[in-house]
Protein chains: 2
Amino acid sequence: MKRITITDIAKRAGVSKGTVSAVINGKNTVRAETRNLVTSVMKEMNFRPKGMARNLKQKNTDKSIGLIVRDLMNPFFTSVAIGVKDYANQKGYDVFITSSENDHEREVKFSQLFSNKDIKGAIISPIVEGSSEIEHLFKLKMINYPFVLLEDVRGIQANVVSIDNVKAIKIAVQYLIDNGHTKIVHFAGDPISSHSLERIEGFRKAFSECSLSCTHEMIVTIGSIYETAFINAIQFFKNRSRDQHPTAIVCFNDQQALAVLDAAIQFDLQAPDDISITGNEDIAFARLFPVPLTTIHAPLNEFGMKAAEILIRNIESPTLLPVENLVLDANFIIRKSTKQLNS
Amino acid sequence: MKRITITDIAKRAGVSKGTVSAVINGKNTVRAETRNLVTSVMKEMNFRPKGMARNLKQKNTDKSIGLIVRDLMNPFFTSVAIGVKDYANQKGYDVFITSSENDHEREVKFSQLFSNKDIKGAIISPIVEGSSEIEHLFKLKMINYPFVLLEDVRGIQANVVSIDNVKAIKIAVQYLIDNGHTKIVHFAGDPISSHSLERIEGFRKAFSECSLSCTHEMIVTIGSIYETAFINAIQFFKNRSRDQHPTAIVCFNDQQALAVLDAAIQFDLQAPDDISITGNEDIAFARLFPVPLTTIHAPLNEFGMKAAEILIRNIESPTLLPVENLVLDANFIIRKSTKQLNS
DNA sequence: TATACTCTTTGAACCGTTTCAATAAAATAA
DNA sequence: TTATTTTATTGAAACGGTTCAAAGAGTATA
């Protein structure tokens, strides 16, 4: 089935391609009668002009960048997206957001689509699970396509903006230790997620830097979304008697922390009196939780803005720029879900 | 400043365009030496092949649709986006999301960009404030570009999927009246928003259908986002003595309801005992509020899916299809923020 | 040495529009 | 009636790549 082109329309209407083009573009040089004829033929044949061909000849001055997140629903990415958008808009760029839904195939496809669609550059939150495939990134480099990663990917030299997850968790744990907690547990996110692994590393580091030991049982993987985390947290509490419970739990993220808060209540453990709980990421609702959440505030907006800044700098540079690597610090926000342990 | 093209690279490297093209596309027919030469020239000149030109000749089989929301942060749109994405993916389409940020210019620009970038169709949540400008929609019709609106726009015949806001609020008010409430107030959203106006209409209708009168003071505009709603709600409660307070408040949306809940507490009004409060939209967090929120559940996922369904049907149809107009019902979910009034 | 292959590279044709100088037709002026 | 202007239409060139038959250069084979 062949595509219908402007030539088909011209032929059928008995006019030239130029005239059809003029009608499409609403030029006022075409006679009403001709316009009607052409329009009706277009309708009849359901003709849709091919945008790419139009753009080829036209000056195509549009400025746009693409963003590939891993999960649309995740407030983390929403906040980052806002940052990207704000900076980009300010510089006159529009943002196209897509979600890989943690599917590597999609990430690959999108990175291609962006350049095919003349989107000038991309900010990519890459899926990194162990041995990540990165040939699509090499392809982008080959065509000098500007892009910024939101996470470090081994094996490729590229612009990266990331948040120091290790440090962030370390500070939270430090705080708990300083406040007399020793029975601290870390609820990890998803086993394959690099975010999760980094946070586990931060948890471990905090202990080793205080010359305390961090045992295997102190890290429990319960998942990153509310529903699964809730179920697993219930299981966790059920499996031990009251005096076996930790005095503090360091959660992977805020949604998980909420689930833990809710699960704990079912076992009559009220934060912060019976148990201290910290979140991570400081999503918008964190301060509105039943117990306002002590959490780690990642500068998500700034995160997005910085990525956009680097990207646009690269887009606008006539020469190839050296890669940048920027690590942002998170900061700890003390609300009501943690307290000093009475000794 | 002229664009660097493949011809420039070919000339500089002393090879033909065809060879450069082969290098770009990683064809293995190119001698290593030649490949290196070309690659280095490409780097040196920071050459970025124009995607649209590439796609013109290639078979370009990519299937993608665009979504224009009005506000990225709004959970309402996030849920709709998920629905769109789910249906689209299932049909093999990718989704590009953009946000007009309630700026009409942007909406216009995006609707153009989509077709220019060979995105096959668009789902648009239009900005409708009074006399809305719609020539950009007419332009889309002119080129038979498939699109679906997420709200009715006067003056144009187009595919529309919408939610029956009027009916939704009516049911909520009905419920409150049936449960003995008479001193009911509606907190409206933003004055210009058509959603807000429809909800006000629903509020009015519920009263008139019960042959009760709905006075002007029963509708108070306090805004749709948490922060402003909170401030205005505080003001509202401050302005009247305890026995003047309504026994029930019908809120514009869930975020606003949360703000009202929080503000009410400050005046020692606890839902549902001292005051009944209903939300709208049933965002994910609504059931996790301090008091689980009685609200109106809009089938947002289905909303998005239906829009995607209609859009894709139009994209894939060889002939121009008649427009569709689909209205979805919302349903009322009773949780803990409302109760029967003791008479 | 001639012949057949293989490996590289070339360059013209093509993708589907827009653009614009040239032209044709119609209207107006002389 | 002819010259001039205005209005509408044409068609070839251009946009920036890809494609692929054909040619050229080496190499191995007979």
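Treat the numbers as computed from the prediction; the structure is a model and nothing was measured. The sequence lines fix the lettering, A, B, ..., with proteins before strands; numbering per chain opens at 1.
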Within the 4.5 Å heavy-atom criterion, are B:Leu140 and B:Ile124 side-chain neighbours or not?
yes

Heavy-atom nearest pair, B:Val84 first then B:Gly304, reads CG2-O, 3.4 Å

*Count the heavy atoms belonging to other residues, nucleotides or ligands that lie under 6.0 Å from CD of B:Glu44, then report whether that count exceeds 12.*
yes

When rounded to the nearest 0.5 Å, the distance separating CG of B:Asp118 from CG of A:Asn116 is 10.0 Å

| Within the structure shown, what part of the strands sits under 4.0 Å from A:Thr19 by heavy-atom distance: base, sugar-phosphate, or nothing? | base

Between CG of B:Leu56 and P of D:dT19 the distance, given in whole Å, is 12 Å

Closest non-hydrogen contact found for B:Arg48 with A:Ile315 is NH1-O, 2.9 Å

Contact check, residues 44-54 of chain B vs DNA chain D, heavy-atom distance under 4.0 Å, returns B:Phe47, B:Pro49, B:Lys50, B:Ala53, B:Arg54

Here the distance between atom P of C:dG16 and atom NZ of A:Lys11, to the nearest Å, is 12 Å

To the nearest angstrom, the CD1-P distance between A:Ile6 and D:dT10 comes to 12 Å

note: A:Ile143, atom CD1; D:dG16, atom P; distance rounded to Å ~ 16 Å

In short, B:Ser16 meets B:Ala10 closest at the heavy-atom pair C-CB, 3.8 Å

Identify whether any heavy atom of B:Val20 sits under 4.0 Å from a base atom; if not, whether one sits that close to sugar-phosphate; answer base, sugar-phosphate or nothing. nothing

B:Gln58 has its side chain closest, among D:dT19, C:dT18, D:dT10, to D:dT19

Numerically ordered, the residues 21-37 of chain B set in heavy-atom contact under 4.0 Å with DNA chain D is B:Ser21, B:Asn25, B:Lys27

Which of D:dT19, C:dG16, C:dT10 is nearest the side chain of A:Arg3? It is C:dG16

**Report entry** Phosphate OP1/OP2 of C:dG16: any A:Thr5 side-chain N/O under 4.0 Å
**Finding:** no

With a 3.5 Å cut-off and just heavy-atom distances, do the side chain of B:Lys17 and the base of D:dG17 make a donor-acceptor pair? yes

Counting C-beta onward and ignoring hydrogens, is there a side-chain heavy-atom pair between A:Ser162 and A:Asp152 closer than 4.5 Å?
no

> Are any of the side-chain nitrogens in A:Lys139 or A:Glu135 under 4.0 Å away from the carboxylate oxygens of its partner?
Replying inline: no

